[in-house]
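Worksheet for the structure shown next.
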Amino acid sequence: MSSQNSAPDAVLAGYRRSIDNIDAALIHMLAERFRITQAVGAYKAEQKLPPADPAREEQQIARLRGLAQDAGLDPEFSEKFLRFVIDEVIHHHERIRVLSDEA
């Protein structure tokens, strides 16, 4: 019976290692995305552009919903995730603008 218990644990451990690797890749990808959006925020502040671009956001959401559907990922989930990221980016852009205006 103990051999039956150890086999699923090894399988589960393998799955978990894969999940851990994917999670690490996601964090690194998000960090890179935010490095780029910080540069966008600085540029927008310098050029006196608004922090948010609703038309661009809607285009991105539509594009990524399509990619999610093609990948077998729930488009509703992908939209919620992207909206969360976009909201955080806008918040950063607003902060950059305030700091730029104070300088």
Side-chain angles (χ1 to χ4, degrees):
M1 186 167 228
S2 66
S3 65
Q4 288 177 338
N5 288 340
S6 63
D9 289 345
V11 170
L12 183 58
Y15 288 144
R16 287 179 173 166
R17 276 191 303 276
S18 294
I19 290 168
D20 291 349
N21 289 337
I22 292 166
D23 287 346
L26 283 170
I27 293 299
H28 287 283
M29 293 295 291
L30 282 170
E32 182 61 19
R33 188 184 196 287
F34 275 93
R35 275 190 285 281
I36 294 166
T37 61
Q38 290 290 90
V40 169
Y43 179 79
K44 284 181 170 184
E46 176 184 297
Q47 298 299 312
K48 307 295 187 212
L49 298 170
D53 184 345
R56 164 82 174 153
E57 293 161 24
E58 290 308 313
Q59 289 172 344
Q60 281 295 91
I61 287 169
R63 185 178 74 84
L64 293 175
R65 281 182 66 97
L67 289 172
Q69 189 164 353
D70 292 347
L73 181 65
D74 179 5
E76 292 295 319
F77 168 78
S78 67
E79 181 174 343
K80 287 177 189 175
F81 178 78
L82 185 60
R83 284 198 185 277
F84 176 79
V85 171
I86 288 170
D87 288 347
E88 189 63 22
V89 167
I90 291 169
H91 176 70
H92 288 191
H93 289 186
E94 289 167 344
R95 243 187 341 207
I96 291 168
R97 158 118 336 135
V98 167
L99 292 173
S100 173
D101 288 346
E102 291 174 354

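These values consider heavy atoms only, across backbone and side chains, with no hydrogens, waters or symmetry-generated copies.
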Exercise for the section: For the residue pair E102 and V98, establish whether any side-chain heavy-atom pair is separated by less than 4.5 Å. Expected result: yes
Problem - Working for side chain to side chain contact (heavy atoms under 4.5 Å, CB included), residues R63 and Q60 - result: CA-CA 5 Å; R63 185 178 74 84; Q60 281 295 91; 3.1 Å; yes
Handout entry: side chain to side chain contact (heavy atoms under 4.5 Å, CB included) evaluation trace for L64 with L67
Key = CA-CA 5 Å; L64 293 175; L67 289 172; 3.4 Å; yes
Handout entry: Shared hydrophobic cluster, L30 / I86 (ILVMFWY, side-chain heavy atoms < 4.5 Å)
Key = no
Handout entry: Beyond-backbone contact of R65 with Q69, side-chain heavy atoms, under 4.5 angstrom
Key = no
Practice task
Mind checking the CZ-NE2 spacing from R95 to H91? Nearest 0.5 Å is all I need.
Solution key: 4.0 Å
Problem - Greater than 12 external heavy atoms within 6.0 Å of E88's CD - result: yes
Practice task
Could you tell me whether the side chain of D74 reaches within less than 4.5 Å of the side chain of E79, counting heavy atoms only?
Solution key: no
Exercise for the section: Locate the shortest heavy-atom distance separating A68 from S78; write the atom from each residue and the value. Expected result: CB-OG, 3.3 Å
Exercise for the section: Hey, could you give me the CD/CD1 distance between E32 and I36, rounded to the nearest 0.5 Å? Expected result: 4.5 Å
Problem - Side-chain touch D23/L26, heavy atoms, less than 4.5 angstrom - result: yes
Exercise for the section: Look at the side chain of R97 and the backbone N and O of L49, then say whether any donor-acceptor pair between them is shorter than 3.5 Å. Expected result: yes
Completion exercise
Rounded to the nearest 0.5 angstrom, the CE-CD1 distance for M29 and I22 is 13.0 Å
Exercise for the section: Answer yes if I90 and L82 sit in the same cluster of Ile, Leu, Val, Met, Phe, Trp and Tyr residues linked by side chain heavy atoms under 4.5 Å apart, and no otherwise. Expected result: yes
Problem - Any donor-acceptor pair under 3.5 Å from H93 side chain to T37 backbone - result: yes
Exercise for the section: Check step by step if side chain to side chain contact (heavy atoms under 4.5 Å, CB included) holds for R33 and V89. Expected result: CA-CA 10 Å; R33 188 184 196 287; V89 167; 3.7 Å; yes
Problem - Backbone N/O of D53 and side chain of E57: donor-acceptor pair under 3.5 Å - result: yes
